[in-house]
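Atoms considered below: every heavy atom in the structure, side chains included; atoms not considered: hydrogens, waters and symmetry mates. What you see is a predicted model, and the numbers here were worked out from it, not measured in a lab.
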Amino acid sequence: MLGYEVKFATGTDENGQKMVQTAATHGKDVMTFLDEIATWHRATRDELKISYTDFIRTTEDRHQTFVQEMITKTFAAWDIYKGKYTWYYCVWCEAFKKPTDLTEDGLCPDHLKKPEIIEEENWFFSLSKYQQRLSDWYAEHSDFCVPGFRYNEVKSFVEQWLEDFSISRQGNDFGIQFPAEIDPEAIVYIWFDALYNYLTVCQDDHVWDEQEWFWSEDTEKVHVIWKDIARFHAIYRPAMLKASGNLLPDRIVINGFFTVNGQKMWKSLGNYIEPLELVCEHGRDALLYYLFSDIKIGTDGDVSMDRFHAMRENVLKKWRWNLVSRVVTLAQKYE
């Protein structure tokens with residue numbers, strides 16, 4: 001692109017317990033279920049003509065090997081330790097919740113489901129150790145998160161007390177195993193393994209070389225994420241990368257949600273809109289024009305089919321007929 005070598009990665013995070021449970025409800029083997037999901041995601045991106053250089057699945061061997069190497073490095077830096085906790089856990093978010101994160105009815109605000117109460121002894125990452133270093137980083141890099149109000153949100157959170165977080169799961173038999181020399185029984189928590197997939201795709205021929213790979217000082221490293229995972233990407237991951245001796249990304253673009261009547265789209269809630277159906281009926285350009293014109297980067301965007309159809313009728317069709325009229329007039333004038 002414009003003379004630059006570019007990696008544009010996308011893919012699927014597959015190692016969560018949510019996938020195991022959902023596969024079971026469909027009566028399918030978990031890998032069969034994940035293969036179907038990955039195929040659907042690839043087909044959707046291809047149909048929408050979204051180009052990418054790498055489609056990463058976190059169940060791939062290359063990712064497992066890389067994550068285990070990063071855990072070994074982090075353990076050697078004394079940033080991983082054994083500990084106990086009792087916490088609320090939303091399987092659908094695959095994230096821990098505080099009581100203050102829940103609705104008045106004790107539900108996850110995004111999925112409207114009751115979190116599980118989990119009490120386990122797991123491996124923890126020493127996030128609190130990086131509090132000052134993260135605060136200093138944000139003070140020196142005011143453009144690390146964009147838009148600006150998202151930067152202020154994340155910076156404010158960093159300035160609060162950062163708690164160490166669990167990076168392993170008990171009772172799970174699906175996911176990336178800890179390095180055997182550390183704990184042959186432990187499975188890596190999805191939000192620890194998935195945050196490294198951006199580096200996995202930067203390996204040259206899938207062999208990590210500290211001197212020659214795409215994640216370097218010479219590359220511009222930009223991530224585009226949704227706001228509900230900003231804490232993981234903009235706080236947890238920078239600390240993880242520092243602990244394992246890696247560079248931080250240069251910029252994180254934090255978008256809002258696609259919503260319907262103010263509620264985030266989720267398949268589990270049944271309120272999602274299938275983009276391929278709109279493309280098949282109205283064309284890809286109409287969908288792209290609507291999204292770019294009606295929804296601002298960084299904020300929530302309430303998707304309205306009424307506004308979509310109004311835009312298509314009042315803008316695109318008028319422009320098309322105006323273009324036809326001008327071309328016909330010019331053709332008649334200069335025939």
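- The same ILVMFWY cluster, assembled from side-chain heavy atoms under 4.5 Å apart, contains both Tyr198 and Leu247.
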Between Leu107 and Leu102, does a side chain to side chain contact (heavy atoms under 4.5 Å, CB included) hold up when you go through it step by step? CA-CA 5 Å; Leu107 304 179; Leu102 306 178; over 6 Å; no
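- In terms of the side chain to side chain donor-acceptor pair (under 3.5 Å) criterion, Tyr89 has no residue partners (sequence neighbours excluded).
- More than 12 heavy atoms of other shown residues, nucleotides or ligands fall within 6.0 angstrom of atom NZ in Lys7.
- Donor-acceptor pairing under 3.5 Å is lacking for the side chains of Asp306 and Ser304.
- With hydrogens and angles disregarded, no donor-acceptor distance shorter than 3.5 Å links the side chain of Thr299 to the backbone of Ile295.
- With sequence neighbours left out, Thr25 forms a side chain to side chain contact (heavy atoms under 4.5 Å, CB included) with Thr22.
- His223 and Arg251 are not linked by any side-chain donor-acceptor pair at a separation below 3.5 angstrom, with hydrogens and angles left out of the test.
- The residue from Asp193, Asn197, Asn15 that alone fulfils the side-chain hydrogen bond (donor to acceptor under 3.5 Å, both in side chains) condition with His63 is Asp193.
- What you find for Phe149 and Gly298 is that their closest heavy atoms are CZ-O, 3.3 Å.
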Walk me through it: do Asp105 and Thr103 pass the test side chain to side chain donor-acceptor pair (under 3.5 Å)? CA-CA 5 Å; Asp105 299 327; Thr103 67; 4.9 Å; no
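- A donor-acceptor pair shorter than 3.5 Å cannot be found between the side chains of Glu14 and Thr58.
- For the pair Val146 and Ile254, the minimum side-chain heavy-atom distance is 4.5 Å or more.
- Residues meeting the ring pair (Phe, Tyr, Trp, His ring centres under 6.0 Å) test with His309, sequence neighbours left out: His282.
- Residues Val222 and Ile297 share a hydrophobic cluster, clusters being chains of Ile/Leu/Val/Met/Phe/Trp/Tyr side chains in contact below 4.5 Å.
- Once rounded to the nearest 0.5 Å, the distance linking OG of Ser166 with NZ of Lys84 reads 13.5 Å.
- Side-chain N or O atoms of Thr32 include none that pairs as donor or acceptor with a backbone N or O of Lys28 at under 3.5 Å.
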Check against side chain to side chain donor-acceptor pair (under 3.5 Å), Asp302 and Thr259: CA-CA 5 Å; Asp302 206 59; Thr259 62; 2.6 Å; yes
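- Across every non-hydrogen atom of Pro249 and Arg237, the tightest pair is CG-NH2, 3.9 Å.
- With values rounded to the nearest 0.5 angstrom, Phe125 atom CZ is found 11.5 Å from Ile71 atom CD1.
- Of the residues listed (Lys129, Lys73, Arg133), the one engaging Asp79 in a salt bridge (charged side-chain N to carboxylate O under 4.0 Å, His left out) is Lys129, and it is the only one.
- For Ile252 against Ala234, the heavy-atom pair with the smallest separation is CD1-CA, 3.8 Å.
- The same ILVMFWY cluster, assembled from side-chain heavy atoms under 4.5 Å apart, contains both Leu276 and Phe258.
- Distance check, rounded to the nearest 0.5 Å: OG1 of Thr200 to CD of Glu69 gives 9.5 Å.
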Go through the steps to decide whether Tyr290 and Phe308 satisfy the test ring-ring contact (aromatic ring centres under 6.0 Å, His included), and finish with yes or no. CA-CA 6 Å; Tyr290 166 72; Phe308 172 79; 5.6 Å; yes
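- For the pair Lys227 and Phe257, the cation sits on the ring face: its NZ or CZ lies under 6.0 Å from the ring centre, inside 45° of the axis.
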Phe33 vs His26, ring-ring contact (aromatic ring centres under 6.0 Å, His included): CA-CA, chis, key distance, verdict: CA-CA 8 Å; Phe33 179 69; His26 288 81; 5.4 Å; yes
Verify side chain to side chain donor-acceptor pair (under 3.5 Å) between Tyr189 and Asn122, making sure each step is shown before the conclusion. CA-CA 10 Å; Tyr189 174 39; Asn122 287 331; over 6 Å; no
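- Applying the side chain to side chain contact (heavy atoms under 4.5 Å, CB included) rule to Val279 yields the partners Leu48, Arg284, Leu287; only residues at least two apart in sequence or on another chain are considered.
- For the atom pair OG1 of Thr74 and CG of Leu241, the computed distance is 9.0 Å after rounding to the nearest 0.5 Å.
- Taking all atoms of both residues into account, the shortest heavy-atom contact from Ser168 to Phe178 is CB-CE1, 3.7 Å.
- Looking only at side-chain heavy atoms (C-beta outward), Val188 and Gln68 stay at 4.5 Å or farther from each other.
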Walk me through it: do Ile225 and Asn255 pass the test side chain to side chain contact (heavy atoms under 4.5 Å, CB included)? CA-CA 6 Å; Ile225 62 172; Asn255 272 315; over 6 Å; no
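- In terms of modelled atom types and a separation under 3.5 Å, the side chain of Thr219 and the main chain of Trp215 share no donor-acceptor contact.
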Show the numbers, then the answer: is there a salt bridge (charged side-chain N to carboxylate O under 4.0 Å, His left out) between Asp35 and Arg57? CA-CA 10 Å; Asp35 288 343; Arg57 297 179 60 182; 2.8 Å; yes
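- Sorted by first and then second residue, the side-chain hydrogen bond (donor to acceptor under 3.5 Å, both in side chains) pairs involving residues 175-184 (not counting sequence neighbours) are Trp123-Asp183.
- A continuous path of hydrophobic side-chain contacts links Trp226 to Phe8 [ILVMFWY only; heavy atoms under 4.5 Å].
- There is no side-chain donor-acceptor pair under 3.5 Å between Asp143 and Tyr151.
- Both Phe124 and Met70 are members of a single hydrophobic cluster when ILVMFWY side chains are connected at heavy-atom separations under 4.5 Å.
- Taking the six-membered ring where the residue is Trp, the centroids of Tyr236 and Phe165 are separated by under 6.0 Å.
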Side chain to side chain contact (heavy atoms under 4.5 Å, CB included) assessment of Thr59 paired with Met31: CA-CA 9 Å; Thr59 50; Met31 280 310 302; 4.2 Å; yes
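- Looking at heavy atoms from C-beta onward, Trp191 lies out of side-chain contact with Met240 at the 4.5 angstrom threshold.
- In terms of heavy atoms, Ser244 sits closest to Tyr196 at OG-OH, 2.9 Å.
- The ring pair (Phe, Tyr, Trp, His ring centres under 6.0 Å) check on Phe144 picks up Trp137, Tyr138, with sequence neighbours excluded.
- The environment of Tyr88 atom OH is sparse: at most 12 non-hydrogen atoms of other residues, nucleotides or ligands sit within 6.0 angstrom.
- Across Gly175 and Ile187, no two heavy atoms sit closer than the pair CA-CG2, 3.8 Å.
- Rounding to the nearest 0.5 Å places NE2 of His41 at 11.5 Å from CD1 of Ile50.
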Decide yes or no on side chain to side chain contact (heavy atoms under 4.5 Å, CB included) for Leu34 and Met19, but give the supporting numbers first. CA-CA 8 Å; Leu34 293 175; Met19 296 301 185; 3.8 Å; yes
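- In this structure, Lys155 NZ and Ser135 OG are separated by 7.5 Å, a value rounded to the nearest 0.5 Å.
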